[in-house]
Amino acid sequence: MRALLILLVVVAIALIAGDRVAVGMAQNEIARQIAADYKLPHQPAVTIDGFPFLTQAVDGTYQNIDIRIGDWTDPDISVNDLDVKLTGVSAPLGDVVNKRTANLTADTAIATARVPYDTVQRYAPAGVESISDSPEGLRVAGTFPVAGIPVPATVFVTVAPTDDGIVVTPVSVQAAAGGPTVSLAAVSESLTFTIPLEKLPLGARVTAIQPAANGLHVTAEAHAVRFSDLA
């Protein structure tokens, strides 16, 4: 009986070790392919949730796959702390082994990332000196033209996703101490601008934006993702 128990333990350890080796190889291949498709300077960290992995691989379905990309740049903008969670992934084993992407799909891709305020400021009009979060809201400080005269002021703005990216819209103005009063209408047109973040990797489009101390935290989503359309 003791020998049988030892044998069972050895077999269990071997199966677990083999499962972990297989999941490591799969995670590395996914990371390699994403780095190649998006020309990343380094491979992302990929985690395939669920145990055992081999039963998922044989079935060709995975509940969750997490991809930590970190810094990401496209021709128009750079973001930090980019993470992507795939849910409901369908990847038939034969297609994975032969690197065929036509039948690889995911129900959803949810991405989160941070757009630093110095990146936001690059798309702001001339005269903007700083952009920061505050208890009163997102504030833009600078000197703005009013009837052709530069006037210092603080403008509170909102941010919202659009088809073109993130639109910044003034909602109120606070005049500088001792300075002239500035109306919202006077700065509204000149201080409405767009940050060109139309979508993130895996086709995810921005759906929500939350200002924070270190930048704009964005969430993006994609549905019915087909991997063959992403490269």
Side-chain angles (χ1 to χ4, degrees), residues 37-42 44 68-84 109-223 230:
D37 286 348
Y38 291 100
K39 297 179 176 59
L40 302 178
H42 54 80
R68 301 181 64 86
I69 296 175
D71 296 339
W72 175 77
T73 301
D74 80 353
D76 295 318
I77 194 170
S78 297
V79 301
N80 303 135
D81 306 329
L82 174 60
D83 295 341
V84 181
I110 298 178
T112 58
R114 177 174 59 88
V115 183
Y117 287 125
D118 57 354
T119 298
V120 176
Q121 190 167 339
R122 290 208 306 265
Y123 297 94
V128 172
E129 298 170 359
S130 67
I131 301 174
S132 60
D133 192 30
S134 74
E136 295 81 22
L138 192 59
R139 55 188 294 161
V140 178
T143 302
F144 309 102
V146 178
I149 301 173
V151 177
T154 296
V155 181
F156 292 93
V157 301
T158 60
V159 286
T162 70
D163 291 340
D164 297 321
I166 301 172
V167 64
V168 179
T169 306
V171 292
S172 65
V173 182
Q174 185 179 66
T181 300
V182 181
S183 70
L184 179 60
V187 299
S188 182
E189 182 176 353
S190 64
L191 199 53
T192 298
F193 63 96
T194 299
I195 306 158
L197 184 60
E198 298 177 51
K199 60 183 179 180
L200 291 170
L202 299 172
R205 291 187 174 275
V206 178
T207 56
I209 308 157
Q210 179 62 51
N214 59 353
L216 300 179
H217 289 217
V218 302
T219 300
E221 297 183 17
H223 300 276
L230 303 179

Undergrad: To the nearest 0.5 Å, what is the distance between OG (S132) and CG (N214)?
TA: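 Reported value, rounded in 0.5 Å steps: 12.5 Å.
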Undergrad: Are V84 and L200 packed together at the side-chain level, in the sense that at least one heavy-atom pair is separated by less than 4.5 angstrom?
TA: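 No. Closest side-chain heavy atoms not under 4.5 Å.
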Undergrad: With rounding to the nearest 0.5 angstrom, report the CG to CG distance, L191 to L184.
TA: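 Between L191 CG and L184 CG, I get 9.5 Å after rounding to 0.5 Å.
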Undergrad: To check you understand the geometry: which heavy-atom pair defines the closest contact between A111 and A204, and what is its length?
TA: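 Of all heavy-atom pairs spanning A111 and A204, the closest is CB-CB, 4.2 Å.
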Undergrad: Enter the distance from N80:CG to T119:OG1 here, rounded to the nearest 0.5 Å.
TA: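 Output value for this atom pair is 7.0 Å.
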Undergrad: Heavy atoms only: give me the nearest T154-A141 pair and the separation to one decimal.
TA: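 For T154 and A141, the tightest heavy-atom pair comes out as OG1-CB, 4.2 Å.
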Undergrad: Flag the pair I110 / T219 as yes when at least one side-chain heavy-atom distance between them is below 4.5 Å, and no otherwise.
TA: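 Counting from C-beta outward, I110 and T219 do come under 4.5 Å.
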Undergrad: Find out whether D81 and T112 are in side-chain contact, i.e. whether some heavy atom of one side chain is under 4.5 Å from a heavy atom of the other.
TA: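 No, side chains not in contact.
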Undergrad: Compare every heavy atom of A153 with every heavy atom of V173, then report the nearest pair and how far apart it is.
TA: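 Taking V173 first and A153 second, the nearest heavy atoms are CG1-CB, 4.1 Å.
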Undergrad: Kindly indicate whether the side chain of L216, heavy atoms from C-beta on, has any atom under 4.5 Å from the side chain of Y117.
TA: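 L216 reaches Y117 side chain to side chain.
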Undergrad: Check R139 against F156 and note the closest heavy-atom contact, atom names and distance.
TA: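 So the minimum-distance heavy-atom pair works out to CB-CE2, 3.8 Å.
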Undergrad: How about E189: does its CD atom have over 12 heavy atoms from other parts shown lying under 6.0 Å from it?
TA: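 Not buried by this count: 12 neighbours or fewer within 6.0 Å.
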Undergrad: What's the spacing between T169 OG1 and L138 CG if we round to 0.5 Å?
TA: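 Taking OG1 in T169 and CG in L138, the distance rounds to 11.0 Å.
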Undergrad: Of all heavy-atom pairs between P125 and F193, which one has the smallest distance, and what is that distance?
TA: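 Minimum heavy-atom contact is CD-CD2, 3.7 Å.
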Undergrad: As an exercise, state the distance from CD1 of I77 to CD of E198, rounded to the nearest 0.5 Å.
TA: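 Going from CD1 on I77 over to CD on E198, the span is 10.5 Å.
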Undergrad: Just verifying a value: how many Å separate Q121 CD and I195 CD1, rounded to the nearest 0.5 Å?
TA: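 If I round to the nearest 0.5 Å, the distance is 11.0 Å.
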Undergrad: For residues P170 and T192, determine if any side-chain heavy atom of one lies less than 4.5 Å from a side-chain heavy atom of the other.
TA: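 Yes. Closest side-chain heavy atoms under 4.5 Å.
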Undergrad: Run through T207, L197, I209 and flag the one making a side chain to side chain contact (heavy atoms under 4.5 Å, CB included) with P161.
TA: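 Of the listed residues T207, L197, I209, the side chain to side chain contact (heavy atoms under 4.5 Å, CB included) partner of P161 is I209.
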Undergrad: So, for S190 and A186, which heavy atoms are closest and what is the spacing to 0.1 Å?
TA: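 In terms of heavy atoms, the two residues are closest at OG-O, 4.4 Å.
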